[in-house]
Amino acid sequence: MKELQIHNSLTGKKEVFKPVNEGHVGLYVCGPTVYSDVHLGNCRSFVSFDVVYRYLMYLGYKVRYVRNITDVGHLEGDADSGEEDKISKRARLEQLEPMEIVQRYMNGFHEMMHILNVLPPNIEPRATGHILEQIDMVQAILGNGLAYEKNGSVYFDTVKFAEKYGVYGALSGRKIEDLIAESRDNLKNQEEKNHPSDFAIWIKAAPEHLMRWKSPWSVGFPGWHLECSVMSTKYLGETFDIHGGGSDLKFPHHENEIAQNYGACGHSPVNYWMHGNMLLLNGRKMSKSEGNSIMPPELFLGNNPLLSRGYSPMVVRFFMLQTHYRSTLDLTDEALQAAEKGYRRLMEGQKVLQGFTHSGEGQAGQLDKEINDLMGQAFADMCDDFNTPKALASLFELVTIINSLKGGQLSFNDLLPGTLEHLKKTFHDFIFEIFGLRDDAGDSSGRGVVDGLMNLILDMRQKARANKDWPTSDKIRDVLKSLDIIVKDGKDGATWSKE
RNA sequence: GGUCGGUUGGCCGAGUGGUUAGGCAGAGGUCUGCAAAACCUCGUACAGCGGUUCGACUCCGCUACCGACCUCCA
């Protein structure tokens, strides 16, 4: 198994990945809160971790991938004013059952993941399905003296926790002194909390609150951060390998998650924390609450003032892959157009490659070595903290070689038949298995018929050309072009591609 | 205000103490009946100012600008 390096947010460094159990990986990624439609920024995160998941599997790890659905506990607005559960609020406004809201947006989320070719996780647990476990964890934390109850709500005691373990703020770089220093000014707004940085792990439900469960402290609902602690522990164990999420979840969500796990289990839950960076729009974080976002359907259809036209889901996925997951990615129409061209070039190269057959005679020379080096480089790139843009660069260099082989600038005689087979498999695996791309152009079910018809048409055009009947051959080409089919004349006959 | 991160050629976007990222766009050429596609060649970019060094885009410091988090957010 190749040595994999992962950038660990906890240490801020790249580290060699060593799983808890040899050959197995426990991967937890924070899923969406399903109170409205996913926007494109959300999607980027899930695409990033989809590649992580895919590559871990490709390396031969047996991965258990858990990605939750948060369907309760996520509060609206700041903690000082009247807080309300996001889903509960939406349900109240739309006069629907909270679970109808959850179902609607969860369905939409799944559909979008499918469209973007994001693999489903192995387990997709929901917060509302784990109320009992959450109550258990609250009790465990209380039992360890790291939480306190006030008027039916239970708060995590961050000050005590910081004193006992000294790790509160370790992930997000916050200091205990700062937290304590803040206390004087802000205490007035937090009458139930001992300290402003304390956070609710169980919340007593107001009378109008729709989502409520019985607990030893009150009829209420669990705090936002609790479900991730509970469900990751339940399905991946008290200590597991990788926890991922958007960088905006670092604080407070992940910091509090760590605190809860210490509070209940007495030790750190996760060995490697991974944080994906934000998708930007107009140079700013894409965010629905800021009104700065594009919804995936708008992007696909092009019905947004920022876009000159629509872009297919796979172009969008490719666009995301062209940037490292830890860098911000700025969405612009121009960048999408460039991505679309690049995506086509890559897929075309893949098609050309898979059509190659080797005559059988060939010698291992410079070309053979170059191809093997580029393949090795692509894997090395992925093993270096999932560097998809760099791996793509290696693949594009291979595309040039592939096209040169096709055009005759390079000769099959300079590579071994085995190398060609290896290249075919590697290229295919990278594009479809690791990067999770799909061939957008060839997704029609009647492809076989189309291929047959196209072969016939191109054959007729070839005959016309042989007779120097240019009007006929050009007419065929022009009509096809009007149907978005491009004819490309090559050394050995013509090929075609859509659009 | 605090913490962290970024500033790369026309655009997007990797990376490295001295050697080609890659994609898109652009220029020239090859091929072609023409075109498209493809191939070849080309731009010598790393915010500014200092410092370390034989040598820095890459390390250190300062300045400027941008962003993220600190409040719900992938």
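Per chain, numbering begins at 1; letters A, B, ... match sequence-line order.
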B:A35, OP1 or OP2 - any side-chain N/O from A:R477 closer than 4.0 Å? no
Donor-acceptor pair present, A:D489 side chain and B:G33 base, under 3.5 Å: no
Who does B:G26 pair with, Watson-Crick or G-U, both distances under 3.5 Å? B:C42
Sticking with atom P, work out how far B:A36 lies from B:G18, rounded to a whole angstrom. 41 Å
Provide the distance between the two P atoms, one in B:C62 and one in B:A27, to the nearest whole Å. 46 Å
Is there a Watson-Crick or G-U wobble partner for B:G67 with both distances under 3.5 Å, and if so, which one is it? B:C4
Please state the C1' separation for the pair B:A47 and B:U7 - nearest whole angstrom. 6 Å
Please determine if a side-chain N or O atom of A:N42 lies less than 4.0 Å away from the OP1 or OP2 oxygen of B:A74. yes
Please report the distance separating the C1' of B:C39 from the corresponding atom of B:C46, rounded so that it comes out in whole Å. 30 Å
Using the C1' atom as the reference point in each nucleotide, state the distance between B:A68 and B:G43 in Å, no decimals. 35 Å
For the C1' atoms, the ones on B:C57 and on B:U16, what distance do you get once it is rounded to whole angstrom? 9 Å
Close aromatic pair by centroid cut-off 6.0 Å: A:H225 and A:H254: no
Look at the side-chain N and O atoms of A:R284 and state whether any lies under 4.0 Å from the OP1 or OP2 oxygen of B:G67. yes
B:A14 C1' sits how many Å from A:H324 NE2, rounded? 10 Å
Looking only at side-chain N and O atoms, does A:K250 come under 4.0 Å of OP1 or OP2 in B:A68? no
Kindly indicate whether the side chain of A:S247 and the base of B:G5 share any N or O donor-acceptor pair separated by less than 3.5 Å? no
Please give the distance between the C1' atoms of B:C65 and B:A74 as a whole number of Å. 27 Å
Under 5.5 Å between ring centres and under 30° between planes: does that hold for A:F46 against the base of B:A74? no
Would you say A:N387 places a side-chain N or O within less than 4.0 Å of OP1 or OP2 belonging to B:A14? no
Check this one for me: any side-chain N or O of A:S327 less than 4.0 Å away from OP1 or OP2 of B:A14? yes
So does A:D469 pair up with A:K463, basic N to acidic O under 4.0 Å? no
Round to a whole Å and report the spacing from CG of A:D330 to P of B:G23. 22 Å
Please report, rounded to the nearest Å, how far the C1' atom of B:C69 is from the CG atom of A:D248. 9 Å
Less than 4.0 Å between a side-chain N and a carboxylate O, is that true for A:K193 and A:D198? no
Using the C1' atom as the point on both nucleotides, what is the distance between B:A25 and B:A64, in whole Å? 30 Å
Basic-acidic side-chain contact under 4.0 Å: A:R309, A:E340: yes
Less than 6.0 angstrom separating the ring centers of A:F49 and A:Y53, yes or no? no
Look at the side-chain N and O atoms of A:R326 and state whether any lies under 4.0 Å from the OP1 or OP2 oxygen of B:G13. no
Partner residues of A:Y311 under the ring-ring contact (aromatic ring centres under 6.0 Å, His included) criterion, sequence neighbours left out: none
